[in-house]
Amino acid sequence: PPLWSPFEEGMLTAVQRVATCHRSASLLPASLNNGLRQRRGGGRRRRPPPNASETLISFRPRFHSVQPNKEEKTEGKIPWRSVTVLVTSQFIVNSGFGFVIPVLPSFAAELGMGATGVGLILSSPSITRILVNQALGQAADKYGRKPLMVAGTLIMAASSVGTGLATTFMTMLPFRLLMGLGTSAATAGSQAYMADLTANVPSHRAQLMGLQQTAVTAAFVGGPMLGGILTELFGVRMAFFSSAIAAASCCVGYSMLKETLKLKSSSHVNATSSSNTSSLPSSSSASDTDPSSSSSSSSSSPSSSSSSSSSSSSSSNNNSWISMLRASPSLAAATSVNFSLYLGYASMLTVLPLHAAEIWGATAGQIGALFSGVSALGFIATPLGGWAADKFGRKAIVVPSALCIAGGAGAMAMVESYAPFLAAVVLWGVGNSLLTPGLTAFTVDLAPESQKGSVLSLTRQAGDLAFLVGPIGLGMLAEATSISHSLALTSAVVLGTNVFFALKAKDGVSMSK
């Protein structure tokens, strides 16, 4: 046998002692043990290894190899192509909405209506959305995201054309209601689609949703300006036709996307629907994505199968919004904050312009510039809010952002000059921009994989309800008492829902767990 150096002899002896101490002597190759015994003159004599280097090479992978943990989940790559197409399409369609904003007073005047007509044009789509949000959210979970996105934008384009051709309020109203159906369908699909895109990158979810919100903000900064130019050049109705072109262009963009919902066979859906829906009210059920849950359900006893059949018969009740809110206090808290967020939007659009004119005599142009400036702050605040929500947690950014909104609305109720008014508006607007991505990501984190559309439809329902009753209720309160009382009520509602969120909401807890 070849001669081994003292260093090699000592190293092999040390390795053998360590392996023996850990009761892992079987890790040492047989040739290595036999070679060591030969050099010491004991044990059976076998053919030694050709050389020491070959032995060490064959030994090292066995001793130092580390098997990866199969249960450890690593994040995937961000699907930038799909995110870019989705965000760009939404920028286009929201720019179309912005085209219409500056022409609403003139259009209402052409139809023989005043300020009340403007409110009806704005709020009438919310009526349809409230009626169909839940059904379309469930449709997004059952039939896919892309069909609703494409069909919704086509309906929006048709309703914009019909609105532009209307000559009376009664001929316009059906198209405005149709617009609510289109926007609800498109939003149900697009929100669930973004949730699917960020499913493999949860640590970047709020940042991507912040990017999405930034695109919407950019659309509402430039859209009204372009809409005003189109109106001056081609007339009031051209804004609605341009909005239809924007919706059709968004439809083309959506059609380029791939479906993200993995549709299951009908037999598999029937076998697992009861376990998925019954996971909502349970606090100890397994996750919907856990493969062991389906295997355990398939091997259940006859009594459990009968109970699952009864559960499937009442699956509609389990999927109802009331059941979801009762099952998840975190979802109830997030829904309440979303209601107060949209109530703040309604207060900004309804009460804030009147307060600006009353405090410092603001003109329509100055109010428009003020809103554009506040929206421009979203270019910085919205991505910052998304980054902070991913870095420090959703709740850590939602609570202080809602405090900014409450503080801005409360300060607005007490200001009596231009400088404090401007400071309150900036505080209010920054709070809105910081809050949106974190709150949306928090809601998506809660939703089980099979019910993302249904859960997100609940938050949309809260926003539509606030946008329907907010302008009317706050306006009536302002006329009955004062504008300051409406602003103070807005601040109180935001503050109350924020306290409820701070007490009940928990980061990173899915409804299925």
Side-chain angles (χ1 to χ4, degrees), residues 101 104-105 108 114-124 126-127 130 333 335-364 366-371 373-375 377 398-436 439 462-502:
I101 291 177
L104 287 178
T116 304
V118 176
L120 289 174
I121 294 173
L122 284 173
S123 61
S124 54
S126 299
I127 299 175
I130 289 175
T335 303
S336 66
V337 173
N338 201 67
F339 175 86
S340 65
L341 175 66
Y342 277 85
L343 182 66
Y345 288 148
S347 180
M348 267 192 165
L349 294 175
T350 306
V351 181
L352 188 63
L354 300 175
H355 198 50
E358 181 181 280
I359 294 297
W360 50 283
T363 63
Q366 290 173 333
I367 293 174
L370 179 65
F371 275 105
V374 172
S375 298
L377 292 175
V398 169
V399 173
S401 300
L403 287 177
C404 290
I405 298 174
M412 184 69 65
M414 298 181 289
V415 299
E416 297 180 355
S417 59
Y418 173 75
F421 182 95
L422 182 61
V425 169
V426 170
L427 181 63
W428 195 343
V430 169
N432 287 333
S433 299
L434 290 173
L435 174 64
T436 303
L439 181 61
D464 289 333
L465 181 62
F467 214 75
L468 179 63
V469 303
I472 299 174
L474 293 174
M476 293 176 61
L477 180 61
E479 291 179 358
T481 57
S482 67
I483 297 175
S484 296
H485 285 88
S486 297
L487 293 169
L489 176 62
T490 302
S491 176
V493 172
V494 175
L495 183 60
T497 56
N498 191 33
V499 171
F500 178 59
F501 184 87

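All values below come from the heavy atoms of this structure, side chains included, with hydrogens, waters and symmetry mates left out.
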From [atom1] ([X]) to [atom2] ([Y]), nearest 0.5 Å:
| X | Y | atom1 | atom2 | value |
| --- | --- | --- | --- | --- |
| Ser482 | Leu354 | OG | CG | 12.0 Å |
| Leu427 | Leu422 | CG | CG | 11.5 Å |
| His485 | Thr490 | NE2 | OG1 | 12.5 Å |
| Asp464 | Tyr342 | CG | OH | 7.5 Å |
| Leu341 | Thr497 | CG | OG1 | 9.0 Å |
| Leu434 | Leu439 | CG | CG | 12.5 Å |

inquiry  = Before you tell me yes or no, could you show the steps for Trp428 and Val374 under side chain to side chain contact (heavy atoms under 4.5 Å, CB included), namely the whole-Å CA-CA distance, both residues' side-chain angles and the distance that decides it to 0.1 Å?
reply    = CA-CA 9 Å; Trp428 195 343; Val374 172; over 6 Å; no

Closest approach of [X] and [Y], non-hydrogen atoms and distance?
| X | Y | value |
| --- | --- | --- |
| Phe339 | Ala466 | O-CB, 3.4 Å |
| Gly463 | Asn338 | N-ND2, 3.8 Å |
| Gly470 | Leu343 | CA-CD1, 3.8 Å |
| Glu416 | Ile359 | C-CG2, 3.6 Å |

query = Sub-3.5 Å donor-acceptor pair from the side chain of Ser433 to the main-chain atoms of Val430, do we have one?
reply =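 Such a contact is absent between Ser433 side chain and Val430 backbone.
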
query = Taking the side chain from Ser486 and the backbone from Ala478, do they hold a donor-acceptor pair closer than 3.5 Å?
reply = yes

Validation: residues 400-414 side-chain donor-acceptor distances under 3.5 Å, sequence neighbours left out:
residue : atom : partner : partner atom : Å
Ser401  : OG   : Ile397  : O            : 2.6

request  = Check the pair Ser340 / Phe501 against side chain to side chain contact (heavy atoms under 4.5 Å, CB included), numbers first and verdict last.
outcome  = CA-CA 11 Å; Ser340 65; Phe501 184 87; over 6 Å; no

query = Would you call the rings of Phe421 and His355 parallel, tilted or perpendicular, where under 30° means parallel and over 60° means perpendicular?
reply = tilted

